[in-house]
Novice: 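Sharing a structure here in structure tokens format.
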Amino acid sequence: MRNTLRLLVAVAIAATALSPVTAQASSDSTRSARMDHANVMRILYSTPMDRFVAMARAGDPWLDWSTDFCSAPLVGTTGRSFDFHDACRRHDFAYRNLRLLETRYGSGGTYWNTSTRRRADELFLTDMKAHCARRPWFEAPMCRGWADTFYRAVRIFGGP
């Protein structure tokens, strides 16, 4: 009888441990500031743009994938010589998720500060210039000019 009870308890524990509901709760409870920060940094700085765009489309409810494509009402994110939608999407991801990390785990500028903002803005410029490099030779100079303009705008108005 004693061995039967032990076996039932062992089976119940194993079944509970393997259930999808428990696995989800377990993964949420094992989240940490360090892991989330590493994930956001990997997505921002180690993920190629095409993969980033696919990830953004798929989403992840733990992160903020929303975008307004650079808040550019006058010019927009596209023009005759440029299309900065993807660069804007990644830049919005950087701002929103670094601020989100600060809200969840920060203690006064741990994740969102002038240094992390500058790095995100520099990535934005790099992404825009990478796009410009793929434009026809006669559009590339104007594209780079727009990239510099967008970069200066976010440096001036992007806060903190």
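The basis for the numbers below is simple: all heavy atoms, side chains too, and nothing from hydrogens, waters or symmetry mates.
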Novice: With distance as the sole test, does D92 use its side chain to make a donor-acceptor pair with the main-chain N or O of F69 at under 3.5 Å?
Specialist: yes
Novice: Can you measure from OH (Y151) to CE (M128) and round to the nearest 0.5 angstrom?
Specialist: 9.0 Å
Novice: For Y111 and T116: C-alpha separation, side-chain torsions, deciding distance, then whether side-chain contact (heavy atoms from CB on, under 4.5 Å) applies.
Specialist: CA-CA 7 Å; Y111 303 100; T116 58; over 6 Å; no
Novice: Is there a side-chain contact between R96 and R99 (heavy atoms, below 4.5 Å)?
Specialist: no
Novice: Considering all heavy atoms of both residues, which atom of L125 and which atom of A147 are nearest to each other, and what is their separation?
Specialist: CD1-O, 3.9 Å
Novice: Is a side-chain donor or acceptor of R135 paired with a backbone partner of H131 at a separation under 3.5 angstrom?
Specialist: no
Novice: Any side-chain heavy atom of Y105 within less than 4.5 Å of one from S32?
Specialist: no
Novice: Count I, L, V, M, F, W, Y as connected when their side-chain heavy atoms are under 4.5 Å apart, and connections chain through other members. Are L100 and V40 then in the same cluster?
Specialist: no
Novice: Measuring from atom CZ of F84 to atom SG of C70, what distance do you get when rounded to the nearest 0.5 angstrom?
Specialist: 9.0 Å
Novice: So, do L123 and R90 sit near enough that their side-chain heavy atoms are less than 4.5 Å apart?
Specialist: yes
Novice: Tell me which donor-acceptor pairs under 3.5 Å the side chains of residues 47-57 have, and how far apart each pair is, sequence neighbours excluded?
Specialist:
{"unit_1": "T47", "atom_1": "OG1", "unit_2": "R42", "atom_2": "O", "d": "3.0"}
{"unit_1": "T47", "atom_1": "OG1", "unit_2": "I43", "atom_2": "O", "d": "3.3"}

Novice: Which pair of heavy atoms, one from C132 and one from A140, lies closest together, and at what distance?
Specialist: O-CB, 3.8 Å
Novice: Using the rule that Ile, Leu, Val, Met, Phe, Trp and Tyr join whenever any side-chain heavy atoms are under 4.5 Å apart, tell me whether W65 and L98 fall into a single cluster.
Specialist: yes
Novice: Look only at the side chain of D83 and the backbone of T78, and say whether a donor-acceptor pair between them is shorter than 3.5 Å.
Specialist: no
Novice: Return the CG to CG distance between L101 and L63, rounded to the nearest 0.5 Å.
Specialist: 8.0 Å
Novice: To the nearest 0.5 Å, tell me how far F124 CZ sits from H91 NE2.
Specialist: 5.5 Å
Novice: Could you pull out all residues at least two apart from T126 that satisfy side-chain contact (heavy atoms from CB on, under 4.5 Å)?
Specialist: none
Novice: Is it true that D148 and R152 have a side-chain N and a carboxylate O under 4.0 angstrom from each other?
Specialist: no
Novice: Walk me through whether R155 and R118 qualify under side-chain contact (heavy atoms from CB on, under 4.5 Å).
Specialist: CA-CA 8 Å; R155 291 303 304 150; R118 176 176 296 281; 3.2 Å; yes
Novice: May I have the step-by-step check of side-chain contact (heavy atoms from CB on, under 4.5 Å) for Y95 and W112, ending in yes or no?
Specialist: CA-CA 8 Å; Y95 270 41; W112 178 247; 3.6 Å; yes
Novice: Is the closest side-chain heavy-atom distance between T67 and F93 below 4.5 Å?
Specialist: no
Novice: Answer yes if F82 and M142 sit in the same cluster of Ile, Leu, Val, Met, Phe, Trp and Tyr residues linked by side chain heavy atoms under 4.5 Å apart, and no otherwise.
Specialist: yes
Novice: List for me each residue that meets side-chain contact (heavy atoms from CB on, under 4.5 Å) alongside R119, sequence neighbours excluded, and say none if there are none.
Specialist: M41, Y45
Novice: Quick one: pull up OG1 in T114 and CG in D121 and give me the separation to the nearest 0.5 Å.
Specialist: 11.0 Å
Novice: Could you state the interatomic distance from CZ (R117) to CD (E122), rounded to the nearest 0.5 Å?
Specialist: 10.5 Å
Novice: Are S81 and W146 side-chain neighbours, meaning at least one heavy-atom pair lies under 4.5 Å?
Specialist: yes
